[in-house]
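Have a look at the structure below before the remarks.
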Amino acid sequence: MAWLFLILGGIFEIGWPLGFKLASVTQHNLLFIAMSIVSMALSGFFLFLAQRSIPIGTAYAVWTGIGAVGTIAIGIIFFNDSMGFMRLFSASLIIIGIVGLKLF
């Protein structure tokens, strides 16, 4: 169950930078800022629940990794962010690190 909490926390970790981006490119600033605040709170809450069973260093690295790679993917898919080789290679290193922390 702790890993499910951690994955949920990582997904909500994607929500707050997405909310800030949407607030900056739409007219619904307050709505998306509120979305960011709720995402931050839920993200932190799920990290709190997960780290009760998962070592805090592992939990934090996985949580931020999901948030970082997820935000990169959202940027590429929806905001036309760069999809250069080195950028994708670097994101893959984050994923490899997350898998390594889970396995070892």
Side-chain angles (χ1 to χ4, degrees):
M1 194 66 164
W3 282 98
L4 177 61
F5 289 146
L6 190 57
I7 291 167
L8 286 172
I11 291 168
F12 281 109
E13 183 71 2
I14 297 166
W16 69 267
L18 175 59
F20 286 149
K21 178 67 174 181
L22 291 172
S24 71
V25 298
T26 68
Q27 296 177 350
H28 306 290
N29 301 25
L30 293 179
L31 172 68
F32 289 118
I33 290 172
M35 180 185 113
S36 292
I37 292 167
V38 169
S39 289
M40 282 182 210
L42 289 171
S43 177
F45 177 70
F46 283 118
L47 174 63
F48 162 75
L49 293 176
Q51 61 84 34
R52 293 187 302 180
S53 301
I54 300 170
I56 187 61
T58 301
Y60 182 72
V62 170
W63 178 70
T64 56
I66 292 170
V69 173
T71 303
I72 290 167
I74 295 288
I76 290 170
I77 295 166
F78 295 105
F79 297 104
N80 201 32
D81 287 356
S82 168
M83 206 168 78
F85 172 77
M86 288 308 293
R87 190 158 192 231
L88 295 177
F89 176 71
S90 298
S92 69
L93 291 176
I94 295 170
I95 294 167
I96 291 167
I98 290 170
V99 170
L101 286 170
K102 170 69 172 122
L103 293 176
F104 307 109

>> Between Ile11 and Val38, is there shared hydrophobic-cluster membership here, with clusters defined by ILVMFWY side-chain heavy atoms closer than 4.5 Å?
In response: no
>> Side-chain heavy atoms nearer than 4.5 Å, only ILVMFWY residues, links allowed to pass through others: does that put Leu93 and Ile66 together?
In response: no
> In a check of side-chain contact (heavy atoms from CB on, under 4.5 Å) between Val69 and each of Ile14, Ile74, Ile94, which one passes?
Replying inline: Ile94
>> Working to the nearest 0.5 angstrom, can you tell me the gap between Phe78 CZ and Leu22 CG?
In response: 10.0 Å
> Tell me, which pairs form a side-chain hydrogen bond (donor to acceptor under 3.5 Å, both in side chains) where one or both residues lie in residues 26-46, sequence neighbours left out?
Replying inline: Glu13-Ser43, Ser43-Trp63
> Are Phe20 and Phe79 connected, step by step, through hydrophobic side chains (Ile, Leu, Val, Met, Phe, Trp, Tyr) whose heavy atoms are closer than 4.5 Å?
Replying inline: no
> Do Ile37 and Leu30 share a hydrophobic cluster (ILVMFWY, side-chain heavy atoms under 4.5 Å, transitive)?
Replying inline: no
> If you take all heavy atoms of Gln51 and Ala59, which pair is closest and at what distance?
Replying inline: CB-CB, 4.2 Å
> So how far is it from Phe12 CZ to Leu47 CG, rounded to the nearest 0.5 Å?
Replying inline: 13.5 Å
> Hey, quick one: are Ile54 and Val62 part of the same hydrophobic cluster, counting side-chain heavy atoms closer than 4.5 Å, chains of contacts allowed?
Replying inline: yes
>> With side-chain contact (heavy atoms from CB on, under 4.5 Å) as the test, pick out the partner of Met83 among Ile77, Ile72, Leu88.
In response: Leu88
> Just by modelled atom types, is the Ala61 backbone N or O under 3.5 Å from a matching donor or acceptor in the Thr64 side chain?
Replying inline: yes
>> Looking at every heavy atom in both Thr71 and Pro17, which two are closest together, and how far apart are they?
In response: OG1-CG, 3.7 Å
> Atom CG in Leu8, atom CH2 in Trp3: separation rounded to 0.5 Å?
Replying inline: 13.5 Å
>> On a heavy-atom basis, which atom in Ala50 and which in Ala2 lie closest, and how many Å separate them?
In response: CB-O, 3.4 Å
> With sequence neighbours left out, which residue pairs that include part of residues 79-104 fulfil the side-chain hydrogen bond (donor to acceptor under 3.5 Å, both in side chains) condition?
Replying inline: none
> What pair of heavy atoms forms the shortest contact from Phe5 to Phe46, and how long is it?
Replying inline: O-CB, 3.2 Å
